[in-house]
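Single-structure report; data block below.
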Amino acid sequence: MALIVQKFGGTSVGSVKRIAQVADKIKKFQDAGNHLVVVLSAMSGETNRLLNLAKAISGDEQPLPRELDVILSTGEQVTIALLAIALNKRSVPAVSYTGSQVSILTDSAYTKARILRIDDRKIRTDLQAGRVVVVAGFQGMDEQGNITTLGRGGSDTTGVALAAALKADECQIYTDVDGVYTTDPRVVSAAQRMDKITFEEMLEMASLGSKVLQIRAVEFAGKYSVPLRVLHSFKEGPGTLITIDEEESMEQPIISGIAFNRDEAKLTIRGVPDTPGVAFKILGPISGANIEVDMIVQNVSHDNTTDFTFTIHRNEYDAAELILQNTASKISAREVIGDIKIAKVSIVGVGMRSHAGVASRMFEVLAKEGINIQMISTSEIKVSVVIEEKYLELAVRTLHTAFKQDAPVQQCE
Ligand code: ASP
Ligand code: MG
């Protein structure tokens with residue numbers, strides 16, 4: 001008998017009708033003889049609505065984080081009770097619990113708490129008694145009994161954490177897409193659902209803007225080796241399995257996916273006196289302001305001065321530029337220039353480890369289209385380039401076509 005943790009997202013429980021559909025689906029799994037723990041999000045839009053209520057009443061001030069968590073956690077409390085009612089109505093014994101009731105213990109970092117421990121006794125007793133256990137996602141309780149929430153999208157993490165604690169056979173994330181795609185199907189119509197992807201690749205894809213899963217949930221699943229599957233809530237299909245194993249098969253493509261990100265901006269400080277400690281002088285104040293830096297490039301120096309370029313989130317461009325202007329005058333750099341019309345495109349695949357020349361193939365494909373590369377960064381399983389934003393879609397499309405054609409052909413034995 002399999003133990004499965006199933007998580008349904010906000011759109012899947014967005015109305016009474018949808019919740020009834022979810023109940024029908026769960027009944028089928030239960031009838032097939034599985035033990036089921038179901039984790040739910042709030043109805044789509046509900047968490048934002050609650051957040052706006054809190055903001056409306058606090059005016060200019062930030063709402064108290066503790067109270068924000070008290071209010072935000074109510075969205076999930078509604079959906080779990082509705083689902084438990086719907087299941088019992090279908091003669092499926094089911095019981096709902098909030099995060100604190102099943103004892104999902106977290107630290108006290110309100111609005112972004114981390115799970116410390118899960119006491120699974122209550123859940124195990126219910127499962128033994130043949131009940132479906134419905135748990136509110138996105139929330140927990142700290143040592144003092146305060147309600148906490150896990151950060152936006154945190155129900156994925158609840159699902160994975162429960163699957164890890166219960167040693168479930170699989171954690172299934174039901175959502176409004178039928179899996180993880182080779183790239184965004186809205187940009188490349190030929191994008192394909194992947195049957196499998198490794199945790200490492202998924203992390204690269206997720207952090208690059210393929211927003212199917214909360215990144216923390218993927219990290220958690222990788223750390224505790226929880227088999228994770230992304231599936232469509234209401235369409236049949238195998239979805240995408242996220243696993244640890246890297247298959248050595250000859251069919252394995254070199255590139256699994258192409259990710260991209262339009263949210264970046266670029267800043268360059270020119271004519272920097274090239275002395276030890278200069279990188280720290282430039283980036284120290286930026287990180288001091290909690291601005292995250294992504295790519296960094298320093299040029300070879302010329303006449304004892306150098307240029308230094310880095311990318312940041314577009315939202316933080318103004319703040320970062322101000323800091324950099326300040327630094328420039330302190331260290332007598334020549335000027336600061338910036339560009340917000342850039343985009344990052346990355347090719348991702350564990351297959352790169354065993355194939356040389358993947359990066360140069362990427363550059364060749366972009367060159368043929370006349371697309372200029374402004375910055376490059378590489379890791380073991382990823383090559384990223386920064387290009388002008390207007391070429392983003394062209395770049396993604398041509399790279400997708402090129403790497404699909406390059407897929408190694410299966411060898412006959
Ligand atoms: N309801 C929460 C949110 O909207 C948590 C989740 O859906 O995963 O962020
Ligand atoms: Mg979500």
Side-chain angles (χ1 to χ4, degrees), residues 5-16 18-19 21-22 37-56 62-63 65-84 96-102 104 106-107 109-115 118 133-142 147-165 171-177 180 202-203 206-207 209-221 226 228-234 239 242:
V5 174
Q6 302 186 319
K7 180 260 170 179
F8 290 87
T11 46
S12 315
V13 295
S15 65
V16 164
R18 287 273 166 90
I19 294 176
Q21 274 175 280
V22 169
V37 174
V38 180
V39 175
L40 298 186
S41 284
M43 289 182 165
S44 52
E46 179 63 7
T47 309
N48 285 338
R49 190 184 71 87
L50 296 167
L51 194 59
N52 287 335
L53 285 177
K55 282 188 185 155
Q62 288 287 77
R66 183 191 181 281
E67 305 312 325
L68 206 50
D69 279 359
V70 174
I71 183 168
L72 291 186
S73 66
T74 61
E76 274 74 10
Q77 193 168 334
V78 171
T79 49
I80 55 168
L82 290 173
L83 182 65
S96 72
Y97 294 115
T98 63
S100 41
Q101 283 177 311
V102 273
I104 295 178
T106 71
D107 61 20
Y110 299 117
T111 74
K112 48 178 184 298
R114 290 192 171 256
I115 298 178
I118 294 180
V133 181
V134 187
V135 181
F138 173 60
Q139 58 181 264
M141 179 185 76
D142 72 3
I147 293 174
T148 54
T149 66
L150 309 179
R152 297 307 301 271
S155 298
D156 292 346
T157 303
T158 306
V160 172
L162 279 169
C171 178
Q172 302 176 339
I173 307 280
Y174 287 92
T175 175
D176 49 8
V177 292
V180 181
M202 187 62 210
L203 278 177
S207 60
S210 314
K211 300 183 186 74
V212 196
L213 281 170
Q214 198 201 30
I215 292 179
R216 253 169 83 184
V218 181
E219 283 168 358
F220 209 109
V226 177
L228 193 61
R229 193 184 289 275
V230 176
L231 302 125
H232 196 286
S233 301
F234 304 116
I242 303 160

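Heavy atoms only: backbone and side chains are in, while hydrogens, waters and symmetry mates are out. Whatever order the structure lists ligands and atoms in, that order sets their numbers, starting from 1.
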(message) Counting only nitrogen or oxygen atoms and a 3.5 angstrom limit, does Thr47 reach ligand 1?
(response) yes
(message) Let me confirm one number: the CZ-OG1 distance from Phe138 to Thr98, rounded to the nearest 0.5 Å.
(response) 13.5 Å
(message) Show me which atoms of ligand 1 lie under 4.0 Å from any heavy atom of Ser155.
(response) 5 (C), 6 (C), 7 (O), 8 (O)
(message) Please classify the Glu76 to ligand 1 contact at 4.0 Å (heavy-atom distances, strictly less than): side chain, backbone, both or neither.
(response) side chain
(request) Please could you name the atoms of ligand 1 that Arg152 approaches to less than 4.0 Å, counting only its heavy atoms? (result) 3 (C), 4 (O), 9 (O)
(request) Check whether any side-chain heavy atom of Val39 sits under 4.5 Å from a side-chain heavy atom of Ile80, and report yes or no. (result) no
(request) Look up atom CD in Gln139 and atom CD1 in Ile147, then write down how far apart they are to the nearest 0.5 Å. (result) 7.0 Å
(message) So, regarding Asp156 and ligand 1 (criterion: nitrogen or oxygen to nitrogen or oxygen, under 3.5 Å), is there a contact or not?
(response) no
(message) Which residue in the set Thr157, Leu203, Ile242, Thr175 passes side-chain contact (heavy atoms from CB on, under 4.5 Å) when paired with Leu213?
(response) Ile242
(message) Out of all atoms in ligand 1, which are within 4.0 Å of some heavy atom of Gly153? Include the element for each.
(response) 3 (C), 5 (C), 6 (C), 8 (O), 9 (O)
(request) Determine, for Arg216 against Glu219, whether the closest basic-nitrogen to carboxylate-oxygen distance falls under 4.0 angstrom. (result) no
(request) Using a strict 4.0 Å cut-off to heavy atoms of Ser41, name the atoms of ligand 1 that fall inside it. (result) 6 (C), 7 (O), 8 (O)
(message) Side chains of Glu46 and Ser41, heavy atoms from C-beta outward: is any pair under 4.5 Å?
(response) no
(message) Can you tell me if Gly154 contacts ligand 1 (heavy atom of the residue under 4.0 Å from the ligand)?
(response) yes
